[in-house]
There are 2 protein chains.
Amino acid sequence: MRSKPEAKFQYEYARPALTVDIVVFALDADDLMVMLIQRDLEPFEGQWALPGGFVHLDETLDDAARRELQEETGLQGIFLEQLYTYGDLNRDPRERVVTVAYYALVNLEGHNVQASTDARNAAWFSVNELPDLAFDHANILAAAHERLRGKVRYQPIGFELLPEKFTLRQLQHLYEVILDRELDKRNFRKKVLSMEIVQETDEIEKDVAHRAARLYRFDQKAYERLTEQGFHFEI
Amino acid sequence: MRSKPEAKFQYEYARPALTVDIVVFALDADDLMVMLIQRDLEPFEGQWALPGGFVHLDETLDDAARRELQEETGLQGIFLEQLYTYGDLNRDPRERVVTVAYYALVNLEGHNVQASTDARNAAWFSVNELPDLAFDHANILAAAHERLRGKVRYQPIGFELLPEKFTLRQLQHLYEVILDRELDKRNFRKKVLSMEIVQETDEIEKDVAHRAARLYRFDQKAYERLTEQGFHFEI
DNA sequence: ACAAAAGTGTTAAATGTACACCCATGC
DNA sequence: GCATGGGTGTACATTTAACACTTTTGT
């Protein structure tokens with residue numbers, strides 16, 4: 001007694017609308033930040049929400065996420081990864097909308113983030129001081145945060161939040177902020193350096209009122225080489 | 001210069017079709033198995049594919065996956081988790097179809113799996129001897145396999161593949177099959193027992209031609225208690 | 001009695017964790 | 001010269017990995 005949708009392919013079922021939403025993370029001096037956009041239309045007019053929008057028929061989901069990111073925040077060429085797909089019935093009060101959520105990592109120094117594009121009000125918020133969010137976006141954001149916390153420990157994605165050249169202190173600070181606990185300086189350096197996936201440069205920090213720290217860069221090639229040999233990144 | 005989809009909500013964009021597909025894993029004597037269904041219609045008529053179908057407007061994604069699983073394989077009440085959403089443009093030759101993939105774990109002894117329901121030909125295949133698959137299902141299956149391999153190590157989901165009561169040897173075998181490497185018997189037992197998440201029963205195996213092994217059961221309560229205290233499962 | 005798998009401890013190596021001081025630099 | 005963070009090593013505890021024999025049961 002099962003219907004066979006293939007038989008009358010395009011008529012069988014009404015379709016949910018399909019959108020993408022993106023949780024964009026960045027690292028501030030002391031906090032993990034998320035970019036939000038203030039809605040200028042009902043529903044949830046005036047409330048903050050994740051950047052996102054409809055998936056077009058002629059673009060993949062990744063492309064849709066990249067396009068929306070570009071249109072709403074000006075961000076381009078950044079780390080983007082699919083998170084989860086949300087399909088509860090009343091996520092959107094207007095009609096059935098399924099959204100494919102992504103999360104993105106961006107280095108604030110390297111990218112010119114337009115705080116406001118397209119007459120929309122966009123801003124960074126600390127993940128620890130979030131406003132009320134539209135739709136189920138608080139859920140999505142919490143899941144993205146959770147995923148980042150988990151994944152940063154066994155994939156070298158944290159580097160996406162730092163400038164190309166960074167100090168070991170910055171790297172440690174990143175992990176401390178994301179994992180929300182303090183790490184031992186000596187043990188941290190020992191571990192990172194022993195993995196041989198960061199490359200010492202001949203440069204040092206600039207404009208600091210104390211001894212300047214050496215700058216390092218993430219060595220993607222070395223990482224891939226090691227990974228092929230069964231190496232497993234872990235912090 | 002950005003369109004505002006909210007303004008003319010239901011007319012702005014044509015919508016992709018939305019489906020769910022499920023990778024159902026089970027454990028055979030020696031292999032990790034997957035359930036496949038032979039297609040009885042074009043496209044890919046006669047080829048094997050993952051069970052799945054259209055998402056209805058009045059059901060969540062999880063509900064759709066459960067319904068399709070029930071309709072196509074008779075399986076009910078089993079472990080089911082969202083995997084990833086696939087939205088490449090030409091996944092389906094007929095038109096744009098986005099699919100939310102799930103994976104499921106089932107214990108062959110405890111469930112009466114209908115090998116063929118609804119005049120469809122369904123069968124179990126070893127993940128090591130798969131036929132050609134329709135659409136991008138080979139991709140999806142590989143991703144599910146990868147996810148299972150990764151997740152089984154830090155979440156106690158492996159138990160879903162075993163009967164309620166199992167021997168430690170069976171549990172070890174499960175990990176050996178999924179991780180595709182041999183484990184040391186003594187070290188494995190030591191580790192599992194030290195976690196205190198399996199409960200010894202007073203029963204032993206039946207009908208074996210040698211000393212019968214003690215049966216254990218997974219202790220969900222104990223697991224949750226430990227997890228709250230910061231315990232982290234890991235094999 | 002023998003075939004088959006169950007069950008059980010010890011040791012060495014590797015890894016993780018805790019901890020404190022001197023150094024270089026800018027002001 | 002002092003305030004600030006940069007940079008470094010050692011000792012102890014914990015975890016992992018390697019390894020072999022005796023016991024129980026069914027045939």
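Within every chain, numbering begins at 1; the chains are lettered A, B, ... in the order of the sequence lines, protein sequences first and strands thereafter.
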Taking the six-membered ring for Trp, are Trp48(A) and Phe125(A) parallel (under 30°), tilted (30 to 60°) or perpendicular (over 60°)?
-> perpendicular

Report yes if some heavy atom in the side chain of Gln170(B) is under 4.5 Å from a heavy atom in the side chain of Pro163(B); otherwise report no.
-> yes

Is any side-chain nitrogen or oxygen of Arg169(B) closer than 4.0 Å to OP1 or OP2 of dA5(C)?
-> no

Does Lys190(A) place a side-chain N or O at less than 4.0 Å from the phosphate oxygens OP1/OP2 of dG9(D)?
->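 No, because none of the side-chain N or O atoms of Lys190(A) sits under 4.0 Å from OP1 or OP2 of dG9(D).
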
Just how far, in rounded Å, is [atom2] of [N] from [atom1] of [X]?
X	N	atom1	atom2	value
Leu183(B)	dA18(D)	CG	P	11 Å
Asn187(B)	dG7(C)	CG	P	16 Å
Gln172(B)	dT8(C)	CD	P	14 Å
His210(A)	dC27(C)	NE2	P	10 Å
Lys191(B)	dG9(C)	NZ	C1'	18 Å
Glu182(B)	dT16(D)	CD	P	20 Å
Ile204(B)	dT23(D)	CD1	C1'	14 Å
Phe188(A)	dG9(D)	CZ	P	18 Å

Determine the contact category for Arg189(A): base if any of its heavy atoms lies under 4.0 Å from a base atom, sugar-phosphate if only primed atoms, P, OP1 or OP2 are that close, otherwise nothing.
-> base

Could you check whether Lys185(A) gets within reach of a base, just the sugar-phosphate, or nothing at all, counting any heavy atom under 4.0 Å?
-> base

Verdict with reasoning, Glu224(A) to Lys221(A), per salt bridge (Lys or Arg N to Asp or Glu O under 4.0 Å) = CA-CA 5 Å; Glu224(A) 284 165 13; Lys221(A) 288 272 193 309; 5.9 Å; no

Among dT10(C), dC27(C), dG7(C), which is the nearest nucleotide to the side chain of Ala213(B)?
->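 The nucleotide sitting nearest to the side chain is dG7(C).
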
Among dT25(C), dC27(C), dT25(D), which nucleotide sits nearest the side chain of Arg211(B)?
-> dT25(D)

Hey, which of these two, Asp184(B) or Val208(A), hits DNA chain C nearer its 5' end, going by closest nucleotide?
->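 Nearest nucleotide further toward 5': that of Asp184(B).
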
Of Ala209(A) and Leu168(A), the one whose closest DNA chain D nucleotide lies more 5' = Ala209(A)

Looking at the rings of Phe233(B) and Phe231(B), which for Trp means the six-membered one, are their centres under 6.0 Å apart?
-> no

Is any side-chain N or O of Arg186(B) under 3.5 Å from a base N or O of dA20(D), one able to act as donor and the other as acceptor?
->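 A donor-acceptor contact between them is present.
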
Crowded around Glu234(B) CD? As in, over 12 foreign heavy atoms under 6.0 Å?
-> yes

